[in-house]
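Chain letters run A, B, ... following the sequence lines, proteins first and then strands; every chain starts at 1.
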Amino acid sequence: VKFPRGRAAALIAGWMALASGGMVAFAWYGGRAGDAASAPAQWPAASHLRLDAQRPTLLMLAHPKCPCTRASLAELARLARRLDGRAALHVLFIHPDGTPTQWERSDLWSQAQAIPGVQVEADPNAEEASRFGGETSGQVLLYAPDGRLAFAGGITSSRGHEGDSPGADRIFEWVTRGATALATAPVFGCPLHDPAPREKP
Amino acid sequence: MNPADPLTPRAAALFQESVDANAARTSRVFAWLMVGQWLFGILIAALWSPYGWAGKVHSVHVHVWAALFLGAAISSLPLFLTLTRPAATPTRFVVAVAQMMWSALIIHLTGGRIEAHFHVFVSLAFLAFYRDWRVLIPATLTVVVDHLLRGIFWPESVYGVLNPEWWRFVEHAFWVVFEDVVLILACVRGVYEQRVMAMRQAEVEAKSTALEEANGQLERSREALAKLAEVGQLAASVGHELRNPLAAVRNGLAYVTKRAKDPNVNAQSLAQDPNVQKFLGLMDQELEASSKIIGDLLEFARERPLDLRPCPLTQLVDEAVSLVPPKPNVTVVNDVSDQTPIPLLDKENFRQVLINLIQNGMEAIPSGRAGTVRIRAEGGGALPWHISVADDGVGIPGDALSKIFQPLFTTKTKGTGLGLAIVQGKVKRHGGSIQVRTELGKGSTFHIELPGAAAPASSAA
């Protein structure tokens, strides 16, 4: 097959534009953070979870089916190794009403359970998630032993992408150096709650 | 041989052939890889992240669509080019860019696993199979541009921090460039070895050609020697053959001389002497036979280069027929069509072939009955020529059949036994072959096959 030079250049340029455009769109999707948590500044008294009085308490709110949360749990495992017991770690998997029993027992549940020192629990009807203002799977909240919110955000660098992240670094710094200011980081994952029903016109 | 020397035209052609073959081979690998990566991407996305969720509501995950459509877009042009223009330079550049895009896509489809980043380095190594270091440039640029743009717009997705130092992309690119340097050295070495191989092959070919020429000369000398030996044997045999006619001539001459010297015999009575008349006729006949033997011997021994020219077969057959003494009971039919393509023949040589075969055919028909000798021809153009001379004579007995092309073999009372040997020699020199099919009492067909449009194999001899 022979192409005139100009047509070949146009073909290659068109392909470059198509493929690069797709890559940019995909990168844009990967870098689009989920809704941030509106976490209470103080540990909610109504929570049935116990705040650790000796060390900071880290809580991850997770959707048991969200593929992006696999990276969040991988990063949590890394963070747990770095923290080496200097924080109490909890992972709460939502179990929305109307889903089958043990719906939350997914491979992510097993992945979370495999992290040493992590307490994994189901969250019926996402009540605790709502109590802590969680919106997006992989959202991590760090509370100081006195109940003060220290960090709210994600610990992955983009959607479903493992690797160094500003969130994990901030948590580590907060736990090891005891910073005072509230730290945040974008969170990447699936929404924890069903989409809001559209209003009829 | 010095690899730094400029390539000879043959070595340059071999080198280019080798470069193109390697490029085509590598492109075929990438064609498979483009399809394989696409399927792998779809599989990974379908297994790893089949659905996106919002509470208990789910839909097909963006990764699946990306693997399906973005993957198809990335693989499309390189796949097309590797299948249609595998050795072309733009093909490998497009492949290089696509392969690095696949690295980025697979890294993201697998959740940015560190292990998936090896795809970048393996891809660069694969691209080095082209042995063209230039392909590493677009590949590396793709990686650098990808990191640069992500670093600007989504810094945390690449560097894990929101405000990385401006030079952080250089650090990432460094490891790619480091591998590039190693691969460039490998490519340059590979090309050098291809060049050396091409030079060696060209040298071997040149030597082989010289050897073939020397072999050809040797073969021709051997054939000439064999011919000379054959001619030597023939000369002895011919000497023997000539003894009888010469003895008859000597006897006749002795009688005529004796009568001429007789004082009682005058010229008139000598001319009217029936014995003198008989002896003179006999002498003429025997001298004619001797002349035929010597003529055939010369024809058999003669080795002159063929003078190949376009030679219409119909006319050539007509000429041959006109030169054969007719026999009243034999009809010679020229069945060669005017439409038969014109072969390249040595006219004089091939006419002799036809004369000998036609004469043989006529002599095979007994005097007591009518018979026909028929000449046919077909083929030509790209096909071989098939020329046949068929008679409906007595046929050739089985014990004689295997010897008819041997010099001096004859079943005739007045034959030299050289006619068919001459025919076979001339046909062979035209690059053809001759065969005979015979049936006792029904006749014989001599079948000549000559090469088609191509020049005969021994035409240069």
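In this structure the side chain of B/Ile74 reaches within 4.5 angstrom of the side chain of A/Met23, judged on heavy atoms. Looking only at side-chain heavy atoms (C-beta outward), A/Phe26 and B/His108 come within less than 4.5 Å of each other. In this structure, B/Trp53 and A/Thr69 have side chains that are not in contact, with every pair of non-hydrogen atoms separated by 4.5 Å or more. Contact annotation: the side chain of A/Cys190 never approaches that of B/His58 to less than 4.5 Å [non-hydrogen atoms, C-beta and beyond]. By the 4.5 Å heavy-atom criterion applied to side chains, A/Pro67 and B/His61 are counted as neighbours.
Residue contact with chain B, scored on non-hydrogen atoms closer than 4.5 Å, involves the backbone of A/Asp97 exclusively. Looking at B/Tyr51, the atoms closer than 4.5 Å to chain A (heavy atoms on both sides) all sit in the backbone: N, CA, C or O. Neither the backbone nor the side chain of A/Thr136 comes within less than 4.5 Å of any heavy atom of chain B. Both the backbone and the side chain of B/Ala98 come within contact range of chain A, each with at least one heavy atom under 4.5 Å from a heavy atom of that chain. Both the backbone and the side chain of B/Leu105 come within contact range of chain A, with heavy atoms under 4.5 Å apart. With a threshold of 4.5 angstrom between heavy atoms, A/Leu192 approaches chain B through N, CA, C or O but not through any side-chain atom. Residue A/Trp28 touches chain B through both its backbone and its side chain, counting heavy-atom pairs closer than 4.5 Å.
Chain A forms the most heavy-atom pairs under 4.5 Å with one residue out of B/Leu149, B/Val62, B/Val57, B/Thr110, and that residue is B/Val62. Heavy-atom pairs under 4.5 Å with chain B were tallied for A/His193, A/His63, A/His95; the largest tally goes to A/His63.
The minimum heavy-atom distance between A/Ile12 and B/Pro90, with the atom names listed, is CD1-CB, 4.3 Å.
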